[in-house]
Amino acid sequence: MKKYLKRLGIATGLSLTLVAAGCGSEDASQEAPTGDSNDGAVTEEVSVGEQLDFTITGIDAGAGIMAATENAIETYGLDDYQLQPSSGAAMTSALDAAIEREEAIVVTGWTPHWKFAAYDLKYLEDPEGVFGAAESIHTIVREGLNADLPEAYQVLDNFYWTPDHMGEIMVEVNEGAEPADAAAAWIEGNQDIVSEWTNGVDAVDGEAITLAFVAWDSEIASTHMIGAVLESIGYDVTLMSMEPGPMFTAVATGSADAMVAAWLPATHESYYEDFKEDFVDLGANLDGAKIGLVVPAYMDIDSIEDLKN
Ligand code: PBE
């Protein structure tokens, strides 16, 4: 990937001249061979697309944000661009590497996410509204859960927190904590919030419950946290990591009891539409989530439309 050039239209011939002259310094004025440093250079605009190698760095192929990004490529006419599937972890390491070198990069991004605490980033404006407005994250349980495991149902129904709360666990995990440890520490430090979910709910005696999730950083945080809360009232909790389609299928068929990872109304709309008759939507556990295309703040572009330049 090419170095991100703050001023578009800088002469590429100039940078090639400097490299050829063996100059490692970033200060061109000192290192230019002789006279006018631009002498003989072929002035050529380096487009945003070229700087990005016409690549949008994505995550796992089944994520809702991947389908939304394909829509954006279509809607904004970004015909030369490729959406590169990878994983949440590979996306953040590509972002880290690019920022280290101040290169151009555009990634599929979402909030809550620790990357906004770790780096200076911005969402590209989406005037066509392809990525939707604010999203909520819903808790969805299998049919019959209320009858079979009423205490768990009650806690899951009560569960509601904020993007900041989720972010606290995500930051700890990104800094190296085990998700279970970060979740336990968060619960320990937020007894007032957790007790609102568990107050008046009877303890149980080791009954099994299975929570499905996808290993996105946000869902690693929420699922470990609510799993630990269910354990604290006596459940034997199993967390099952899977792809998004199987996660929805698992709750719809009853092979998982619940999930806290449905991004609605837009991100997981197609999965939700497929299965909504077959599970119980307990509503939002978090409001104010968001998806979109994200770039480092040092990039001069502001809108998805600017990717065309
Ligand atoms: N995400 C995080 C998911 C939902 C949670 C935005 C990467 C997705 O796009 O499906």
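When a ligand or atom number is given, it counts from 1 through the structure's own listing order.
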Hey, are E273 and K276 close enough for a salt bridge, meaning a charged N less than 4.0 Å from a carboxylate O? yes

Between D148 and R142, does any side-chain N to carboxylate O distance fall below 4.0 Å? yes

I'd like to check which ligand 1 atoms, numbered from 1 as shown, lie under 4.0 Å from a non-hydrogen atom of [X].
| X | result |
| --- | --- |
| I59 | 7 (C) |
| T267 | 8 (C), 9 (O), 10 (O) |
| W263 | 2 (C), 4 (C), 5 (C) |
| E219 | 2 (C), 5 (C) |
| I291 | 6 (C) |
| G64 | 8 (C), 9 (O), 10 (O) |
| W110 | 1 (N), 2 (C), 6 (C), 7 (C) |

Determine whether F116 and Y123 satisfy the following criterion, ring pair (Phe, Tyr, Trp, His ring centres under 6.0 Å), listing intermediate values before the conclusion. CA-CA 10 Å; F116 292 97; Y123 278 98; 5.4 Å; yes

Give a yes/no verdict on a cation-pi contact between K115 and W110, requiring under 6.0 Å between NZ or CZ and the six-membered ring centre and an angle within 45° of the axis. yes

Quick one about H138 and N285 (side-chain donor to acceptor, distance below 3.5 Å, no hydrogens or angles considered), yes or no? no

Pair W186, E168: side-chain N/O donor-acceptor within cut-off below 3.5 Å: yes

Between D278 (side chain only) and A252 (backbone N and O only), is there a donor and an acceptor less than 3.5 Å apart? no

Say whether H268 and ligand 1 are in contact under the criterion: heavy-atom distance to a ligand atom below 4.0 Å. yes

Under-4.0 Å heavy-atom contact with ligand 1, by part of M66 that carries it: neither

Residue and atom name of the nearest protein heavy atom (relative to atom 9 (O) of ligand 1), distance in Å to one decimal: I65 N, 2.8 Å

